[in-house]
Amino acid sequence: MAEALTNQFGPEIPLRLARTLVEVDPHFPSEAFLQDALCGYETLPLLPRAKHLASALFRHLPADYGRAIEMLLRSLGPKLTKTEGHGMAPFFYLPHTLFVAEYGLEHFEPSMLAQYELTQRFTAEFSIRPFLERHPEKTLARLRLWAKDPSPHVRRLVSEGTRPRLPWAPRLQRLRQDPRPAIELLEMLKDDPESYVRRSVANHLNDLGKEHPEWLLRIAREWSRNAPPLRRDLLRHALRSLLKQKNPAALEILGYAPLQSIEVARAALAPETLRIGESTTLTFEVTNHSPHPQNLRADFRVHFLRADGKTSPKVFRVPLETLAPGERVLCRRKISLAHKTTRRHYPGTHRVEIQLNGEVFEAGCFDLLP
């Protein structure tokens, strides 16, 4: 988890948590809670900090789970009024959801109510997963109801909470082995009016395709029949990993046929020698010499060097869609060699390729200096 996220979840979080609980119950032992919550707090990363606070809540809230949840729910602030642009603010409720996940598994109804409320202020995608493992049928039945809920946050939980490879969360073994119950839920959400929900559906399907590509391709074929534009956008996002792998079935579903008389020329990288932290620019020309327009899926792939001397390819999109007969387009894309939280760079020769509808063209190499 990025250090910046941890820094934004500092000691002010337990202080605020204690204050909200005192506001709904003046008898809440805030001083004892804070002494417990702040002990060793700043040595922990983000997720362990939230788990630490959930444990402290368990020790200082009423021992009766129903009373504890009722108190937590009364302490909640207003629901989110939009789906984006909240930054780290909703993470305040991460300890609340982890409290439910850790201590509420044998209290199904109050825990479902808590997650219904919490997901409209943050998300319950982490806390719903233990319930899918412990109470699969009851939880899936509840998610089927929530798929029709007026709140986009609740509908998104239905897709995001059942994702096979949700970041920061354990895998759902039952749904990994048999994804049909989750696919039934996605079917209900595929034409959701909120892009926030559809994007979650696409991410769920992309996860599915990493373990069961045949399932994803079958769903994509079915959903692509007479698909409205928004659903086609969803499928394009859902198939992105298979497209990067040049999967011919995925390319075909989205209308990318084998190339006909397409020329890639004048590929160049400038500069060809640079240092870590700098950037180089890839340029190339694409010409359609055929008498027909052609839909193009264009990417370029950089074979980044790893610390062990091996390479790890990463694929980047190029905004090139349709070429008319005889049309020539100049493409230019910047490649940054600055260190990122998700990728470090190492000196050596890096190979670059251009990819059009799954067909690969060599673009050249650049040398990265220390």
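For the atom pair NE2 of H237 and OG of S200, the computed distance is 9.5 Å after rounding to the nearest 0.5 Å. Separation of atoms CZ (R199) and CG (L234) is listed at 11.0 Å; rounding is to 0.5 Å. Residue H345 holds its NE2 atom at 5.5 Å from NZ of K340, rounded to the nearest 0.5 Å. Put simply, CD on Q260 and NE2 on H292 are 6.5 Å apart, with the number rounded to the nearest 0.5 Å. To the nearest 0.5 Å, the span separating CG on L235 from CD1 on I253 amounts to 8.0 Å. The CG atom of L205 sits 11.5 Å away from the OG atom of S241 when rounded to the nearest 0.5 Å.
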Side-chain atoms of residues 217-224: list all donor-acceptor pairs with protein atoms under 3.5 Å, sequence neighbours left out, distances to 0.1 Å.
from : atom 1 : to   : atom 2 : distance (Å)
W223 : NE1    : E187 : OE1    : 3.0
S224 : OG     : A220 : O      : 3.1
S224 : OG     : R221 : O      : 2.8

Which atom pairs, donor and acceptor, lie under 3.5 Å between side-chain atoms of residues 55-76 and protein residues at least two apart or in another chain?
from : atom 1 : to   : atom 2 : distance (Å)
S55  : OG     : K51  : O      : 3.1
R59  : NE     : D36  : OD2    : 2.7
R59  : NH2    : D36  : OD1    : 3.1
R59  : NH2    : D36  : OD2    : 3.3
H60  : NE2    : D36  : OD2    : 3.0
D64  : OD2    : G66  : N      : 3.2
D64  : OD2    : R67  : N      : 2.9
Y65  : OH     : S111 : OG     : 2.8
E70  : OE1    : R74  : NE     : 3.4
E70  : OE2    : R74  : NE     : 2.6
R74  : NH1    : V24  : O      : 3.1
S75  : OG     : L72  : O      : 2.6

Residues 326-338, side-chain donor-acceptor partners within the protein, below 3.5 Å, at least two apart:
from : atom 1 : to   : atom 2 : distance (Å)
E327 : OE1    : A324 : N      : 2.7
R328 : NE     : T287 : OG1    : 3.2
S336 : OG     : A338 : N      : 3.2

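No donor-acceptor pair closer than 3.5 Å links the side chain of D207 to the backbone N or O of R163. R165 contributes no side-chain N or O that, together with a main-chain N or O of R171, makes up a donor-acceptor pair within less than 3.5 Å. Side-chain atoms of Q8 never come within 3.5 Å of backbone atoms of T6 as a donor-acceptor pair (strictly under, hydrogens ignored). The backbone N or O of L356 lies less than 3.5 Å from no partner atom in the side chain of E359, so there is not a single donor-acceptor pair. Remark: side-chain polar atoms of T162 are paired, donor with acceptor, to backbone N or O of S159 under 3.5 angstrom. The main-chain N or O of Q173 is found under 3.5 Å from a side-chain atom of E133 such that the two form a donor-acceptor pair. At least one donor-acceptor pair under 3.5 Å links the side chain of R121 to the backbone N or O of E117. With Q120 contributing its side chain and Y116 its backbone, the two residues share a donor-acceptor pair below 3.5 Å. Checking side-chain atoms of R344 against main-chain N and O of H339 turns up no donor-acceptor pair under 3.5 Å.
Nearest heavy-atom pair, S30 versus V22, reported as atom, atom and distance to 0.1 Å: CB-CG2, 3.6 Å. For the residue pair L38 and P14, the shortest heavy atom distance occurs at CD2-CG, 3.7 Å. Residues V360 and R301 come closest through the heavy atom pair CG2-NH2, 3.7 Å. When all heavy atoms are compared, the tightest approach of N203 to R240 is OD1-NH2, 3.0 Å. Taking all atoms of both residues into account, the shortest heavy-atom contact from S312 to R306 is CB-CD, 3.7 Å. Smallest separation of non-hydrogen atoms from R49 and L44: NE-O, 2.7 Å.
Side-chain contact check for P181 versus L140: some heavy-atom pair is nearer than 4.5 Å. Using a 4.5 Å cut-off on side-chain heavy atoms (C-beta onward), F131 and Q115 make contact. The side-chain heavy atoms of R155 and W146, taken from C-beta on, include no pair separated by under 4.5 Å. Side-chain contact between I183 and W215 is present, with heavy atoms from C-beta onward closer than 4.5 Å.
Residues satisfying the salt bridge (charged side-chain N to carboxylate O under 4.0 Å, His left out) test with D191, not counting sequence neighbours, are R231. Partners of Y41 under the ring pair (Phe, Tyr, Trp, His ring centres under 6.0 Å) rule, at least two apart in sequence or in another chain, do not exist in this structure. Partners of F316 under the ring pair (Phe, Tyr, Trp, His ring centres under 6.0 Å) rule, at least two apart in sequence or in another chain, are F300.
Relative ring orientation between Y103 and F99 is described as tilted, the plane-to-plane angle lying within the 30° to 60° band.
Using a 3.5 Å distance cut-off with no hydrogens or angles, the side chains of E160 and H204 do not pair a donor with an acceptor.
When the shell of 6.0 Å around CD of Q35 is examined, it contains 12 or fewer heavy atoms from other residues, nucleotides or ligands. More than 12 heavy-atom neighbours from other residues, nucleotides or ligands sit within 6.0 angstrom of NZ on K210. Annotation for E31: atom CD does not count as buried by contact number, only 12 or fewer foreign heavy atoms lying within 6.0 Å. Heavy-atom contacts from other residues, nucleotides or ligands closer than 6.0 Å to CD of E214 number more than 12.
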Q: Go through E321 and N295 one step at a time and tell me if the side-chain contact (heavy atoms from CB on, under 4.5 Å) criterion holds.
A: CA-CA 6 Å; E321 293 295 336; N295 294 327; over 6 Å; no

Q: Applying side chain to side chain donor-acceptor pair (under 3.5 Å), run through D367 and H350 and close with a yes or a no.
A: CA-CA 6 Å; D367 291 315; H350 293 62; over 6 Å; no

Q: Check the pair R198 / L230 against side-chain contact (heavy atoms from CB on, under 4.5 Å), numbers first and verdict last.
A: CA-CA 9 Å; R198 297 194 306 274; L230 291 179; 3.7 Å; yes

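L21 is connected to V100 through a chain of hydrophobic side-chain contacts under 4.5 Å among Ile, Leu, Val, Met, Phe, Trp and Tyr, so both are in one cluster. In the hydrophobic clustering of this structure, L243 does not group with L296; members are Ile, Leu, Val, Met, Phe, Trp, Tyr whose side-chain heavy atoms approach within less than 4.5 Å, directly or through other members. In terms of hydrophobic clustering, with Ile, Leu, Val, Met, Phe, Trp and Tyr side chains grouped at heavy-atom distances under 4.5 Å, F28 and L15 are assigned to a common cluster. With hydrophobic clusters built from ILVMFWY side chains whose heavy atoms lie under 4.5 angstrom apart, L323 does not share a cluster with L251. When hydrophobic clusters are built by joining Ile, Leu, Val, Met, Phe, Trp and Tyr residues whose side-chain heavy atoms come closer than 4.5 Å, directly or via intermediates, L259 is not grouped with V315.
Because its NZ or CZ atom is both nearer than 6.0 Å to the ring centre of F108 and within 45° of the ring axis, K138 counts as a cation-pi partner of that residue.
A salt bridge between E194 and R156 is absent, with no side-chain N of the basic residue lying under 4.0 Å from a carboxylate O of the acidic one. For the pair K244 and D299, the salt-bridge criterion is not met [side-chain N within less than 4.0 Å of a carboxylate O]. Under a 4.0 Å N-O distance rule, the pair E84/K82 does not qualify as a salt bridge.
Ring to ring, F122 and F91 are close: their centroids are under 6.0 angstrom apart.
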